[in-house]
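A short write-up of the structure that comes next.
In the text below, chain A, chain B and the rest are named by the order of the sequence lines, each starting its count at 1.
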Number of protein chains: 2
Amino acid sequence: MLIGQLGSVQTHRPNARLIDEGQLLERPRLIRSGWACRARYLTNGRRQILNFYLPGEIMGLSADVDGAAQASYVSLTRLSTLDLGMLRSMVIERPHDVPAVTAAFHVMRLHEEYHLLSQVVRIGQQKAFERVAHLLLEFHARLSKSGLTEGNSFQLPLTQEVLGDGLGLSAVHVNRTFKLLKRKGYVKTGRSSVTLLEPEALSQVAGYREPMDYRPVDRAAFPHISISEPTRRPVPAMRPPAAFGRDTGSSPNGRPIGDSVS
Amino acid sequence: MLIGQLGSVQTHRPNARLIDEGQLLERPRLIRSGWACRARYLTNGRRQILNFYLPGEIMGLSADVDGAAQASYVSLTRLSTLDLGMLRSMVIERPHDVPAVTAAFHVMRLHEEYHLLSQVVRIGQQKAFERVAHLLLEFHARLSKSGLTEGNSFQLPLTQEVLGDGLGLSAVHVNRTFKLLKRKGYVKTGRSSVTLLEPEALSQVAGYREPMDYRPVDRAAFPHISISEPTRRPVPAMRPPAAFGRDTGSSPNGRPIGDSVS
DNA sequence: CGAAAATTTGATCAGCATCAATTTTAGTGG
DNA sequence: CCACTAAAATTGATGCTGATCAAATTTTCG
């Protein structure tokens, strides 16, 4: 059973609060064009961007759907979104009737959490240079899933202040970091575009790893939706997850494992 | 229909990798005693703790259940866990037969995401003093839900190095920050206990807010489980979420809203 | 009791914030 | 299309925060 009609299209101006923290988060929305984010606003007037939503991605699939939003949803550019409330209802009520959509929703939830974890590691463990590089690599990978990259280039319609809000850096330092990235030959910037000149080397220095499940979402799940740029291009298969250092079997104190089962 | 028998109990030594990143994350586990975390390990030997799991909480309810773990699950102390795989199966297959458990799982997922968002804000926007204070306040609130606080005191069985891994700080600086917290009269520390001397003032300076839905989980959902300390005590009702500044209606450029529906 | 882990303290230094000013870019109305 | 204005990017100078290294002390635990 496929989708007859989807929800309504909405457009928003840049920097509009779509949903404020605490408000009812009713339904997910597919981003048809533009960028958005989820953010927490502090009493000192600052904000921390928790999560970016790129064209082709869905916002409002996190655990707080159908409840009070855990953070504010904010547009970062002009934004066009498509209401997916009906699709979500179908997934909840008759998941087996819409297996592709059900799977796609799950994959997107997984990705959102993955990006959130990456965000914590970036901010918690990396220096400015690595943070910016890491985020650019992530943006490129995510946009390429929707066919919105042109080789190693992509449109980045965010101000350096917005990037700072997401990276835990001041806008000034984001600027200096970009300068350094350019001077070292890692990236090139146009008016609002970025080109990764040395993606592999950059991934190396930024400690960037492709997520395990990072194949493009099955677009067949959204038969009536076409993403802004139809530049869809085959995406190379990603390498499998790198297993980590084996330590589960031996104690840091050198003793055998004491796990017991009752 | 209630639960006849639950899964097996397992115990783990401190610092054991329960599940490595990329491994199959099969089933959630209730923590009967001890502390654990979810962490990403970097190639430079460091790690970032993404999420702490306290006694009475459930690990393995995130989006990656039944798939490849998005991070490693690691014990931080001696740990006793109870397998909830069977409960989860019931929730998935016949949620209406176990409404209390279904609701409890959902609440715990919500809380886990909430804590993750707090983690991003702490690390991204706060200074060391605020970070440590904020985390201590969160620990106290979370432990009190399981009745594991004694007034404003609680057991904190983590080393300062572990706290540093979670706060994006060096162990040395965690130490200095604790010293400052004590000198300023905000907290008192015992061998492995913490007492919050001025919780309200501390919440103020740390920008700490109770999450919206922070009432204790309905323990009736887990009839056969008793948490370590049966010191359960009524928890005061929390204040409703503070609504944020209204901005959705007016443009930063002073123009009327251009939202359109098609 | 003895050894290893954890905490504590001191000293030095790098990274980034902050403030301030200038230049460039983008958006608007004429 | 150009002039004008606000936003964004850029650059410089200065200072604070927290990392790092090293060593001493205390606590924990077998």
* **Side chain proximity check, H140(A) to N152(A), heavy atoms < 4.5 angstrom** => yes

* Asked: So Y73(B) and Y53(B), would you call those rings parallel, tilted or perpendicular, with 30° and 60° as cut-offs?
  -> parallel

* Considering only dT10(D), dG18(D), dC21(D), which nucleotide approaches the side chain of V172(B) most closely? -> dC21(D)

* **Atom-to-atom span, CD of Q160(A) to C1' of dT11(D) - whole angstrom** => 12 Å

* Asked: Looking at dG15(C), does its base get a donor-acceptor pair with the side chain of R176(A) below 3.5 Å?
  -> no

* Structure fact -> note: N44(A), atom CG; dA17(C), atom C1'; distance rounded to Å ~ 14 Å

* To do: State, without any angle test, whether T195(A) and S153(A) hold a side-chain donor-acceptor pair at a distance under 3.5 Å.
  => yes

* Asked: NZ of K182(B) versus C1' of dT8(C): gap in Å, rounded?
  -> 9 Å

* Asked: Within the structure shown, what part of the strands sits under 4.0 Å from G168(B) by heavy-atom distance: base, sugar-phosphate, or nothing?
  -> sugar-phosphate

* To do: Would you kindly give the CG-to-C1' distance between L156(B) and dT28(D), to the nearest whole Å?
  => 16 Å

* Asked: Under 4.0 angstrom, heavy atoms only, what part of the nucleic acid is R183(A) near: base, sugar-phosphate, or nothing?
  -> nothing

* So does R131(B) reach the base of dG18(D) with its side chain, donor to acceptor, closer than 3.5 Å? -> no

* Check whether any side-chain heavy atom of L163(B) sits under 4.5 Å from a side-chain heavy atom of L135(B), and report yes or no. => yes

* To do: Take K127(A) and S192(A), find for each the nucleotide of DNA chain C with the closest heavy atom, and name the residue whose nucleotide sits nearer the 5' end.
  => K127(A)

* Asked: Quick one: is R78(A) getting a side-chain N or O under 4.0 Å of the dG27(C) phosphate, OP1 or OP2?
  -> no

* Rounded off to whole Å, could you give me the CZ-to-P distance for the R13(B) and dC29(D) pair? => 15 Å

* To do: Return the value, rounded to whole Å, for the distance between atom CG of L163(B) and atom P of dA6(C).
  => 12 Å

* For T159(A), answer base if it contacts any base atom (sugar-phosphate contacts may also be present), sugar-phosphate if it contacts only those atoms, and nothing otherwise; contact means non-hydrogen atoms under 4.0 Å. => sugar-phosphate

* Rounded off to whole Å, could you give me the NE2-to-P distance for the H173(A) and dA8(D) pair? => 21 Å

* Asked: Picking from dA26(C), dT9(C), dA17(C), which would you name as closest to the side chain of N175(B)?
  -> dT9(C)

* Structure fact -> To the nearest angstrom, the CG-P distance between L180(B) and dC16(D) comes to 16 Å

* Asked: Strictly by modelled atom types, are S72(B) and E21(B) linked by a side-chain donor-acceptor pair under 3.5 Å?
  -> no

* Asked: Taking only side-chain nitrogens and oxygens of K179(A), does any of them come within less than 4.0 Å of OP1 or OP2 of dT11(D)?
  -> yes

